[in-house]
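Each chain gets a letter, A, B and so on, in the order the sequences are listed, and its residues count up from 1. Because only heavy atoms are used, hydrogens play no part in the values below, and waters and symmetry mates are left out as well, while side chains stay in. Quick caveat, the model's predicted, so the values are computed rather than measured.
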There are 2 protein chains.
Amino acid sequence: MRIAEPTVERLVQYHRLLEQLRKDGRKVVSSQEMGEILSFKASQVRKDLSYFGEIGKRGVGYSVDSLHRHIDRILATPEKWSIGLVGVGKLGEALLGYQAFRKEKFHFSALFDNDKKKIGTKIQGIECYSSDDIEKVLREKNISVLMVSVPASGAPLVVAEALKAGTLKGILNFAPVSLTVPEGVLLIPVDISIELEKLFFYIKHKDD
Amino acid sequence: MRIAEPTVERLVQYHRLLEQLRKDGRKVVSSQEMGEILSFKASQVRKDLSYFGEIGKRGVGYSVDSLHRHIDRILATPEKWSIGLVGVGKLGEALLGYQAFRKEKFHFSALFDNDKKKIGTKIQGIECYSSDDIEKVLREKNISVLMVSVPASGAPLVVAEALKAGTLKGILNFAPVSLTVPEGVLLIPVDISIELEKLFFYIKHKDD
DNA sequence: GTGTGTGAAGTGGTTCACAGCG
DNA sequence: CGCTGTGAACCACTTCACACAC
(Lines give C-alpha, C1' and ligand atoms only; values in the text may rest on other atoms or scores of the structure.)
Protein backbone atom coordinates (compact mmCIF):
# COMPACT_ATOMS: atom_id res chain seq x y z
CA MET A 1 0.00 0.00 0.00
CA ARG A 2 1.26 3.38 -1.03
CA ILE A 3 1.83 5.74 1.89
CA ALA A 4 0.68 9.31 1.22
CA GLU A 5 3.22 12.10 1.17
CA PRO A 6 1.73 14.02 4.11
CA THR A 7 1.88 10.82 6.13
CA VAL A 8 5.59 10.38 5.44
CA GLU A 9 6.22 13.99 6.47
CA ARG A 10 4.44 13.39 9.75
CA LEU A 11 6.29 10.11 10.34
CA VAL A 12 9.56 12.03 10.31
CA GLN A 13 8.11 14.38 12.89
CA TYR A 14 6.85 11.57 15.12
CA HIS A 15 10.30 10.08 14.91
CA ARG A 16 11.96 13.31 16.02
CA LEU A 17 9.49 13.80 18.82
CA LEU A 18 9.94 10.26 20.10
CA GLU A 19 13.70 10.73 20.13
CA GLN A 20 13.20 13.73 22.35
CA LEU A 21 10.72 11.94 24.62
CA ARG A 22 13.12 9.04 24.95
CA LYS A 23 15.89 11.39 26.06
CA ASP A 24 13.48 12.86 28.57
CA GLY A 25 12.93 9.39 29.97
CA ARG A 26 9.27 9.14 28.97
CA LYS A 27 7.95 5.59 28.68
CA VAL A 28 4.54 5.98 27.07
CA VAL A 29 2.78 8.62 25.03
CA SER A 30 -0.74 8.98 23.66
CA SER A 31 -1.83 10.00 20.18
CA GLN A 32 -3.51 12.95 21.89
CA GLU A 33 -0.25 14.23 23.36
CA MET A 34 1.78 13.74 20.19
CA GLY A 35 -0.93 15.56 18.29
CA GLU A 36 -0.90 18.51 20.65
CA ILE A 37 2.86 18.93 20.46
CA LEU A 38 2.99 18.65 16.68
CA SER A 39 -0.33 20.39 15.93
CA PHE A 40 -2.05 17.38 14.41
CA LYS A 41 -5.38 15.84 15.34
CA ALA A 42 -5.07 12.76 17.55
CA SER A 43 -7.08 10.75 15.03
CA GLN A 44 -4.56 11.70 12.37
CA VAL A 45 -1.71 10.38 14.47
CA ARG A 46 -3.51 7.09 15.10
CA LYS A 47 -4.41 6.67 11.44
CA ASP A 48 -0.82 7.31 10.34
CA LEU A 49 0.57 4.79 12.79
CA SER A 50 -2.07 2.19 12.00
CA TYR A 51 -0.79 1.87 8.41
CA PHE A 52 2.17 -0.02 9.79
CA GLY A 53 0.36 -2.48 12.05
CA GLU A 54 -0.98 -2.35 15.57
CA ILE A 55 1.71 -0.89 17.72
CA GLY A 56 -0.13 0.91 20.51
CA LYS A 57 -1.84 -0.55 23.57
CA ARG A 58 -5.53 0.29 24.00
CA GLY A 59 -6.23 2.10 27.19
CA VAL A 60 -2.53 2.92 27.59
CA GLY A 61 -0.95 4.56 24.58
CA TYR A 62 2.25 3.92 22.67
CA SER A 63 5.53 2.74 24.14
CA VAL A 64 7.94 5.56 23.37
CA ASP A 65 10.80 3.17 22.90
CA SER A 66 9.19 0.61 20.65
CA LEU A 67 7.31 3.18 18.59
CA HIS A 68 10.58 5.01 18.04
CA ARG A 69 12.29 1.85 16.86
CA HIS A 70 9.29 0.98 14.72
CA ILE A 71 9.31 4.28 12.84
CA ASP A 72 13.09 4.14 12.67
CA ARG A 73 12.82 0.91 10.70
CA ILE A 74 10.12 2.36 8.44
CA LEU A 75 12.32 5.33 7.59
CA ALA A 76 15.53 3.32 7.44
CA THR A 77 17.49 3.29 4.21
CA PRO A 78 18.52 -0.11 2.86
CA GLU A 79 22.12 1.05 2.62
CA LYS A 80 24.13 4.20 3.33
CA TRP A 81 23.69 6.28 0.22
CA SER A 82 26.23 8.36 -1.64
CA ILE A 83 25.08 11.89 -2.24
CA GLY A 84 26.42 14.49 -4.63
CA LEU A 85 25.96 18.22 -4.24
CA VAL A 86 26.16 20.62 -7.15
CA GLY A 87 26.58 24.32 -6.42
CA VAL A 88 28.83 25.02 -3.45
CA GLY A 89 27.71 28.57 -2.72
CA LYS A 90 26.32 29.74 0.60
CA LEU A 91 23.32 27.45 0.40
CA GLY A 92 25.45 24.51 -0.69
CA GLU A 93 27.77 25.00 2.25
CA ALA A 94 24.82 25.32 4.58
CA LEU A 95 23.56 21.95 3.34
CA LEU A 96 27.01 20.38 3.75
CA GLY A 97 27.14 21.42 7.38
CA TYR A 98 23.46 20.98 8.17
CA GLN A 99 23.23 19.51 11.66
CA ALA A 100 19.75 18.07 11.33
CA PHE A 101 20.68 15.58 8.61
CA ARG A 102 20.95 12.05 9.91
CA LYS A 103 24.47 11.30 8.78
CA GLU A 104 24.14 7.58 9.31
CA LYS A 105 21.85 7.40 6.27
CA PHE A 106 24.13 8.97 3.71
CA HIS A 107 27.37 10.79 3.14
CA PHE A 108 28.35 13.49 0.68
CA SER A 109 30.84 11.88 -1.62
CA ALA A 110 31.34 14.55 -4.25
CA LEU A 111 30.80 18.27 -4.74
CA PHE A 112 30.49 20.07 -8.06
CA ASP A 113 30.96 23.70 -8.94
CA ASN A 114 31.92 25.93 -11.84
CA ASP A 115 34.23 28.11 -9.77
CA LYS A 116 37.85 27.35 -10.72
CA LYS A 117 38.96 28.37 -7.23
CA LYS A 118 36.87 25.59 -5.72
CA ILE A 119 37.54 22.83 -8.22
CA GLY A 120 40.26 20.48 -7.04
CA THR A 121 40.01 21.60 -3.42
CA LYS A 122 38.25 19.99 -0.51
CA ILE A 123 35.36 21.83 1.09
CA GLN A 124 34.33 20.68 4.52
CA GLY A 125 36.39 17.62 3.79
CA ILE A 126 34.75 16.67 0.47
CA GLU A 127 36.44 16.81 -2.92
CA CYS A 128 35.04 19.40 -5.32
CA TYR A 129 34.92 18.58 -9.03
CA SER A 130 34.11 20.61 -12.11
CA SER A 131 30.42 20.53 -12.99
CA ASP A 132 31.56 19.53 -16.48
CA ASP A 133 32.67 16.18 -15.08
CA ILE A 134 29.45 15.47 -13.23
CA GLU A 135 28.34 12.57 -15.43
CA LYS A 136 31.69 10.81 -15.14
CA VAL A 137 32.09 11.33 -11.39
CA LEU A 138 28.54 10.25 -10.54
CA ARG A 139 29.09 7.06 -12.45
CA GLU A 140 32.53 6.39 -10.93
CA LYS A 141 31.24 6.91 -7.42
CA ASN A 142 27.86 5.37 -8.09
CA ILE A 143 26.01 8.34 -6.63
CA SER A 144 22.26 7.88 -6.41
CA VAL A 145 21.05 11.15 -4.89
CA LEU A 146 21.87 14.69 -6.00
CA MET A 147 21.25 17.94 -4.17
CA VAL A 148 21.02 20.90 -6.51
CA SER A 149 21.92 24.30 -5.08
CA VAL A 150 23.01 26.22 -8.15
CA PRO A 151 21.25 29.35 -9.45
CA ALA A 152 18.06 28.73 -11.44
CA SER A 153 19.70 29.52 -14.77
CA GLY A 154 22.30 26.80 -14.44
CA ALA A 155 20.17 24.04 -12.97
CA PRO A 156 18.45 22.48 -16.00
CA LEU A 157 21.71 21.94 -17.90
CA VAL A 158 23.75 20.46 -15.08
CA VAL A 159 20.87 18.21 -14.05
CA ALA A 160 20.49 16.97 -17.61
CA GLU A 161 24.20 16.10 -17.62
CA ALA A 162 23.91 14.43 -14.24
CA LEU A 163 21.00 12.29 -15.36
CA LYS A 164 23.09 10.91 -18.24
CA ALA A 165 25.16 9.02 -15.69
CA GLY A 166 22.16 6.78 -15.14
CA THR A 167 22.92 6.34 -11.46
CA LEU A 168 20.47 8.86 -10.02
CA LYS A 169 17.42 7.68 -8.11
CA GLY A 170 16.45 11.00 -6.58
CA ILE A 171 17.07 14.73 -6.76
CA LEU A 172 16.49 17.37 -4.10
CA ASN A 173 16.22 20.60 -6.04
CA PHE A 174 16.77 23.92 -4.27
CA ALA A 175 17.04 25.93 -7.49
CA PRO A 176 13.96 28.08 -8.13
CA VAL A 177 13.15 26.48 -11.44
CA SER A 178 10.97 23.58 -12.55
CA LEU A 179 13.02 20.57 -13.62
CA THR A 180 11.88 17.54 -15.56
CA VAL A 181 13.31 14.13 -14.90
CA PRO A 182 12.72 10.74 -16.53
CA GLU A 183 10.36 8.19 -15.06
CA GLY A 184 12.07 6.33 -12.25
CA VAL A 185 13.93 9.33 -10.91
CA LEU A 186 12.31 11.05 -7.98
CA LEU A 187 12.34 14.82 -7.86
CA ILE A 188 11.58 16.79 -4.71
CA PRO A 189 11.59 20.55 -5.11
CA VAL A 190 12.40 22.75 -2.14
CA ASP A 191 11.64 26.24 -3.31
CA ILE A 192 12.33 28.85 -0.67
CA SER A 193 11.06 31.80 -2.62
CA ILE A 194 7.76 30.05 -3.33
CA GLU A 195 7.31 29.57 0.40
CA LEU A 196 8.05 33.21 1.04
CA GLU A 197 5.63 34.35 -1.67
CA LYS A 198 2.99 32.08 -0.16
CA LEU A 199 3.53 33.70 3.21
CA PHE A 200 3.14 37.16 1.70
CA PHE A 201 0.03 36.13 -0.21
CA TYR A 202 -1.76 34.79 2.83
CA ILE A 203 -0.73 37.68 5.06
CA LYS A 204 -2.17 40.00 2.45
CA HIS A 205 -5.40 38.00 2.14
CA LYS A 206 -5.68 37.11 5.80
CA ASP A 207 -9.24 38.32 6.11
CA ASP A 208 -10.76 36.62 3.07
CA MET B 1 -12.93 33.01 -2.00
CA ARG B 2 -10.00 31.33 -0.32
CA ILE B 3 -7.28 30.31 -2.76
CA ALA B 4 -5.80 26.89 -2.06
CA GLU B 5 -2.16 26.58 -1.10
CA PRO B 6 -1.13 24.47 -4.10
CA THR B 7 -2.74 27.08 -6.34
CA VAL B 8 -0.64 29.87 -4.81
CA GLU B 9 2.49 27.79 -5.30
CA ARG B 10 1.65 27.33 -8.94
CA LEU B 11 0.86 31.02 -9.40
CA VAL B 12 4.41 31.86 -8.37
CA GLN B 13 5.65 29.42 -10.99
CA TYR B 14 3.40 30.83 -13.72
CA HIS B 15 4.73 34.24 -12.82
CA ARG B 16 8.33 33.12 -13.16
CA LEU B 17 7.66 31.36 -16.43
CA LEU B 18 5.87 34.38 -17.90
CA GLU B 19 8.80 36.58 -16.95
CA GLN B 20 11.03 34.29 -18.93
CA LEU B 21 8.65 34.12 -21.91
CA ARG B 22 8.42 37.90 -21.91
CA LYS B 23 12.21 38.19 -22.07
CA ASP B 24 12.17 35.74 -24.95
CA GLY B 25 9.74 38.02 -26.76
CA ARG B 26 6.83 35.59 -26.71
CA LYS B 27 3.41 37.24 -27.10
CA VAL B 28 0.91 34.49 -26.36
CA VAL B 29 1.00 31.17 -24.57
CA SER B 30 -1.54 28.38 -24.07
CA SER B 31 -2.44 26.54 -20.90
CA GLN B 32 -1.17 23.45 -22.65
CA GLU B 33 2.31 24.88 -23.16
CA MET B 34 2.61 26.30 -19.65
CA GLY B 35 1.53 22.95 -18.30
CA GLU B 36 4.13 21.07 -20.29
CA ILE B 37 6.96 23.30 -19.15
CA LEU B 38 5.95 23.21 -15.49
CA SER B 39 4.65 19.61 -15.42
CA PHE B 40 1.04 20.50 -14.63
CA LYS B 41 -2.08 19.41 -16.49
CA ALA B 42 -3.42 22.08 -18.86
CA SER B 43 -6.79 21.91 -17.10
CA GLN B 44 -5.04 22.67 -13.83
CA VAL B 45 -3.46 25.77 -15.30
CA ARG B 46 -6.81 27.01 -16.64
CA LYS B 47 -8.60 26.31 -13.39
CA ASP B 48 -5.95 28.20 -11.40
CA LEU B 49 -6.11 31.21 -13.66
CA SER B 50 -9.90 31.22 -13.79
CA TYR B 51 -10.11 31.99 -10.07
CA PHE B 52 -9.03 35.51 -10.86
CA GLY B 53 -11.40 36.27 -13.71
CA GLU B 54 -11.40 35.59 -17.41
CA ILE B 55 -8.04 36.60 -18.68
CA GLY B 56 -7.38 34.34 -21.64
CA LYS B 57 -8.79 34.54 -25.15
CA ARG B 58 -10.69 31.50 -26.40
CA GLY B 59 -9.17 30.02 -29.49
CA VAL B 60 -5.96 31.96 -28.90
CA GLY B 61 -4.47 31.53 -25.43
CA TYR B 62 -3.16 33.97 -22.87
CA SER B 63 -1.33 37.21 -23.60
CA VAL B 64 2.07 36.75 -22.00
CA ASP B 65 2.31 40.37 -21.09
CA SER B 66 -1.07 40.92 -19.55
CA LEU B 67 -1.15 37.56 -17.78
CA HIS B 68 2.22 38.40 -16.28
CA ARG B 69 0.98 41.75 -15.03
CA HIS B 70 -2.22 40.14 -13.79
CA ILE B 71 -0.41 37.57 -11.64
CA ASP B 72 2.05 40.22 -10.56
CA ARG B 73 -0.83 42.17 -9.04
CA ILE B 74 -2.26 39.07 -7.39
CA LEU B 75 1.08 38.33 -5.75
CA ALA B 76 1.88 41.96 -5.00
CA THR B 77 2.45 42.99 -1.40
CA PRO B 78 0.51 46.03 -0.16
CA GLU B 79 3.72 47.60 1.09
CA LYS B 80 7.42 46.77 1.24
CA TRP B 81 7.73 44.62 4.32
CA SER B 82 10.43 44.64 6.98
CA ILE B 83 11.88 41.22 7.61
CA GLY B 84 13.95 40.00 10.53
CA LEU B 85 16.26 37.01 10.42
CA VAL B 86 17.29 35.10 13.50
CA GLY B 87 20.26 32.75 13.26
CA VAL B 88 23.04 34.06 11.05
CA GLY B 89 24.84 30.79 10.42
CA LYS B 90 25.51 29.35 6.99
CA LEU B 91 21.84 28.98 6.20
CA GLY B 92 21.06 32.45 7.47
CA GLU B 93 23.75 33.96 5.30
CA ALA B 94 22.51 31.96 2.34
CA LEU B 95 19.05 33.45 2.87
CA LEU B 96 20.48 36.97 3.20
CA GLY B 97 22.19 36.68 -0.15
CA TYR B 98 19.55 34.57 -1.91
CA GLN B 99 19.27 35.85 -5.45
CA ALA B 100 15.82 34.51 -6.18
CA PHE B 101 14.08 36.68 -3.58
CA ARG B 102 12.18 39.55 -5.10
CA LYS B 103 13.82 42.36 -3.20
CA GLU B 104 11.19 44.91 -4.16
CA LYS B 105 8.74 43.17 -1.84
CA PHE B 106 10.75 43.32 1.37
CA HIS B 107 14.08 44.12 2.93
CA PHE B 108 15.96 42.57 5.80
CA SER B 109 16.02 45.20 8.50
CA ALA B 110 17.49 43.32 11.43
CA LEU B 111 19.51 40.20 12.13
CA PHE B 112 19.66 38.33 15.42
CA ASP B 113 22.22 35.89 16.75
CA ASN B 114 23.65 34.60 20.01
CA ASP B 115 27.25 34.78 18.85
CA LYS B 116 29.00 37.70 20.60
CA LYS B 117 31.35 38.06 17.66
CA LYS B 118 28.42 38.84 15.37
CA ILE B 119 26.36 41.04 17.66
CA GLY B 120 26.96 44.72 16.99
CA THR B 121 28.48 44.10 13.56
CA LYS B 122 26.89 44.38 10.15
CA ILE B 123 26.56 41.25 8.06
CA GLN B 124 25.93 41.74 4.37
CA GLY B 125 25.11 45.32 5.31
CA ILE B 126 22.51 44.55 7.96
CA GLU B 127 22.89 45.24 11.68
CA CYS B 128 23.07 42.17 13.89
CA TYR B 129 21.49 42.31 17.35
CA SER B 130 21.50 39.95 20.30
CA SER B 131 18.69 37.42 20.20
CA ASP B 132 17.91 38.56 23.75
CA ASP B 133 16.75 41.90 22.34
CA ILE B 134 14.52 40.44 19.66
CA GLU B 135 11.24 41.57 21.22
CA LYS B 136 12.44 45.15 21.61
CA VAL B 137 14.01 45.44 18.15
CA LEU B 138 11.06 43.89 16.33
CA ARG B 139 8.80 46.42 17.99
CA GLU B 140 11.10 49.40 17.34
CA LYS B 141 11.46 48.50 13.69
CA ASN B 142 7.91 47.24 13.33
CA ILE B 143 9.01 44.00 11.74
CA SER B 144 6.15 41.80 10.52
CA VAL B 145 7.91 38.78 9.08
CA LEU B 146 10.59 36.64 10.70
CA MET B 147 12.84 34.03 9.13
CA VAL B 148 14.07 31.47 11.61
CA SER B 149 17.36 29.74 10.80
CA VAL B 150 18.64 28.76 14.23
CA PRO B 151 19.19 25.16 15.34
CA ALA B 152 16.09 23.26 16.39
CA SER B 153 16.90 23.45 20.07
CA GLY B 154 16.93 27.24 20.15
CA ALA B 155 13.97 27.95 17.92
CA PRO B 156 10.95 27.61 20.24
CA LEU B 157 12.36 30.01 22.83
CA VAL B 158 13.50 32.75 20.49
CA VAL B 159 10.24 32.56 18.54
CA ALA B 160 8.23 32.84 21.75
CA GLU B 161 10.21 35.98 22.61
CA ALA B 162 9.73 37.37 19.12
CA LEU B 163 5.99 36.82 19.26
CA LYS B 164 5.77 38.96 22.39
CA ALA B 165 6.56 42.02 20.31
CA GLY B 166 3.12 41.65 18.78
CA THR B 167 4.28 42.86 15.39
CA LEU B 168 4.66 39.52 13.64
CA LYS B 169 2.25 38.50 10.90
CA GLY B 170 4.21 35.60 9.53
CA ILE B 171 7.11 33.28 10.22
CA LEU B 172 9.17 31.23 7.78
CA ASN B 173 10.67 28.49 9.90
CA PHE B 174 13.74 26.62 8.67
CA ALA B 175 14.47 25.02 12.02
CA PRO B 176 13.63 21.31 12.07
CA VAL B 177 11.15 21.60 14.91
CA SER B 178 7.41 22.11 15.13
CA LEU B 179 6.52 25.59 16.38
CA THR B 180 3.19 26.83 17.64
CA VAL B 181 2.02 30.34 17.03
CA PRO B 182 -1.08 32.25 18.11
CA GLU B 183 -4.08 32.67 15.86
CA GLY B 184 -3.43 35.47 13.41
CA VAL B 185 0.23 34.67 12.88
CA LEU B 186 1.02 32.61 9.82
CA LEU B 187 3.61 29.90 10.09
CA ILE B 188 5.22 28.28 7.07
CA PRO B 189 7.66 25.48 7.84
CA VAL B 190 10.47 24.74 5.40
CA ASP B 191 12.00 21.57 6.67
CA ILE B 192 14.91 20.38 4.58
CA SER B 193 15.53 17.18 6.44
CA ILE B 194 11.89 16.14 6.10
CA GLU B 195 12.20 16.57 2.35
CA LEU B 196 15.34 14.48 2.30
CA GLU B 197 13.76 11.74 4.41
CA LYS B 198 10.79 11.74 2.08
CA LEU B 199 13.10 11.28 -0.89
CA PHE B 200 14.79 8.34 0.82
CA PHE B 201 11.48 6.80 1.78
CA TYR B 202 10.10 6.85 -1.74
CA ILE B 203 13.34 5.68 -3.32
CA LYS B 204 13.26 2.74 -0.94
CA HIS B 205 9.59 1.99 -1.66
CA LYS B 206 9.69 2.82 -5.34
CA ASP B 207 8.17 -0.46 -6.42
CA ASP B 208 5.21 -0.65 -4.03
C1' DG C 1 -12.73 3.87 32.21
C1' DT C 2 -9.08 4.89 28.86
C1' DG C 3 -6.92 5.28 24.48
C1' DT C 4 -6.28 2.61 20.21
C1' DG C 5 -7.66 1.00 15.49
C1' DT C 6 -10.65 1.65 11.72
C1' DG C 7 -14.71 1.81 8.54
C1' DA C 8 -17.53 5.56 7.14
C1' DA C 9 -18.34 10.35 6.30
C1' DG C 10 -16.55 14.64 5.16
C1' DT C 11 -13.48 17.98 3.01
C1' DG C 12 -10.42 19.78 -0.36
C1' DG C 13 -7.94 19.51 -4.61
C1' DT C 14 -7.50 17.65 -9.32
C1' DT C 15 -9.05 16.05 -13.69
C1' DC C 16 -12.52 15.43 -17.05
C1' DA C 17 -15.41 16.72 -20.58
C1' DC C 18 -17.74 19.84 -22.95
C1' DA C 19 -20.20 24.21 -23.66
C1' DG C 20 -19.13 28.66 -25.32
C1' DC C 21 -16.61 32.40 -27.30
C1' DG C 22 -13.23 34.34 -30.51
C1' DC D 1 -12.00 25.12 -35.58
C1' DG D 2 -9.03 26.14 -31.32
C1' DC D 3 -8.45 27.03 -26.68
C1' DT D 4 -10.54 28.91 -22.64
C1' DG D 5 -13.69 28.61 -18.63
C1' DT D 6 -16.20 25.65 -15.61
C1' DG D 7 -19.68 22.41 -13.50
C1' DA D 8 -19.45 17.65 -12.44
C1' DA D 9 -16.97 13.50 -11.45
C1' DC D 10 -13.19 11.80 -9.39
C1' DC D 11 -9.57 11.01 -6.18
C1' DA D 12 -6.82 11.78 -1.91
C1' DC D 13 -6.39 13.05 2.54
C1' DT D 14 -8.54 14.16 7.02
C1' DT D 15 -11.82 13.78 10.62
C1' DC D 16 -15.45 11.51 12.98
C1' DA D 17 -17.45 8.11 15.75
C1' DC D 18 -17.50 4.06 17.87
C1' DA D 19 -16.24 -0.89 18.62
C1' DC D 20 -12.81 -3.15 20.99
C1' DA D 21 -8.78 -4.35 23.82
C1' DC D 22 -6.35 -3.39 28.03
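To the nearest angstrom, C1' of D:dC16 lies 19 Å from CZ of A:F40. In this structure, CE of B:M34 is placed 11 Å from C1' of D:dC3, rounded to the nearest angstrom. One can place CD of B:Q32 at 14 Å from C1' of C:dT15, the figure rounded to the nearest angstrom. Separating the NZ atom of B:K41 from the P atom of D:dC11 is a distance of 13 Å, rounded to the nearest angstrom. Per the geometry, CD belonging to A:Q44 stands 16 Å off C1' belonging to D:dA17, to the nearest Å. Atom CD in B:E54 sits about 9 Å away from atom P in C:dC21, given to the nearest Å. In this entry the distance linking CG of B:D48 with P of D:dC3 reads 20 Å, nearest Å. When the C1' atom of C:dT4 is taken as reference, atom NE2 of A:H70 falls 14 Å away, rounded to whole Å.
For A:R16 and B:E197, the salt-bridge test fails: no basic side-chain N is under 4.0 Å from an acidic carboxylate O. Under 4.0 Å is where a charged nitrogen must lie from a carboxylate oxygen, and between B:E19 and B:K23 no such pair does.
Annotation for A:Q99: atom CD does not count as buried by contact number, only 12 or fewer foreign heavy atoms lying within 6.0 Å.
Taking side-chain N and O atoms only, A:Y51 has no distance below 4.0 Å to OP1 or OP2 of D:dC13. For C:dC16, the OP1/OP2 oxygens have no side-chain nitrogen or oxygen of B:R46 closer than 4.0 Å. At C:dT4, one or more side-chain N or O atoms of A:S31 fall inside 4.0 Å of OP1 or OP2 (strictly under the cut-off).
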Begin from the C-alpha positions of A:E9 and A:Q13 and carry the test side-chain hydrogen bond (donor to acceptor under 3.5 Å, both in side chains) through to its verdict.
-> CA-CA 7 Å; A:E9 295 183 2; A:Q13 297 179 69; 5.6 Å; no
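If you check distances only, the side chain of B:K57 never reaches the base of D:dG2 with a donor-acceptor pair under 3.5 Å. Judged by distance alone, with hydrogens and angles left aside, B:R58 brings no side-chain donor or acceptor close enough to the base of D:dG2 to form a pair under 3.5 Å.
Closest to the side chain of B:P6, out of C:dG13, D:dC13, C:dT4, is C:dG13. Set against D:dC3, D:dC13, C:dG5, the side chain of A:S50 has C:dG5 as its closest nucleotide. Closest approach to the A:T7 side chain among D:dT14, C:dG3, D:dT6 is made by D:dT14 (side chain taken as heavy atoms from C-beta onward). Proximity note for B:K47 (side chain, C-beta onward) versus C:dT15, C:dT6, D:dT14: the nearest is C:dT15. Picking from D:dC16, D:dC3, D:dC13 the nucleotide with the shortest atom distance to the side chain of A:S43 gives D:dC16.
In this pair, B:F52 and B:H70 present their aromatic rings perpendicular. The plane angle is above 60°, beyond the 30 to 60° band.
Checking side-chain atoms of A:K204 against main-chain N and O of B:P78 turns up no donor-acceptor pair under 3.5 Å.
In this structure, B:V29 and A:G59 both approach DNA chain D, and ranking their closest nucleotides by distance from the 5' end singles out B:V29.
Residue contacts for A:R10: at a heavy-atom cut-off of 4.0 Å it reaches the sugar-phosphate backbone alone, with no base atom in range. Within the nucleic acid shown, B:I55 comes within 4.0 Å of sugar-phosphate atoms alone, with no base atom in reach, counting heavy atoms only.
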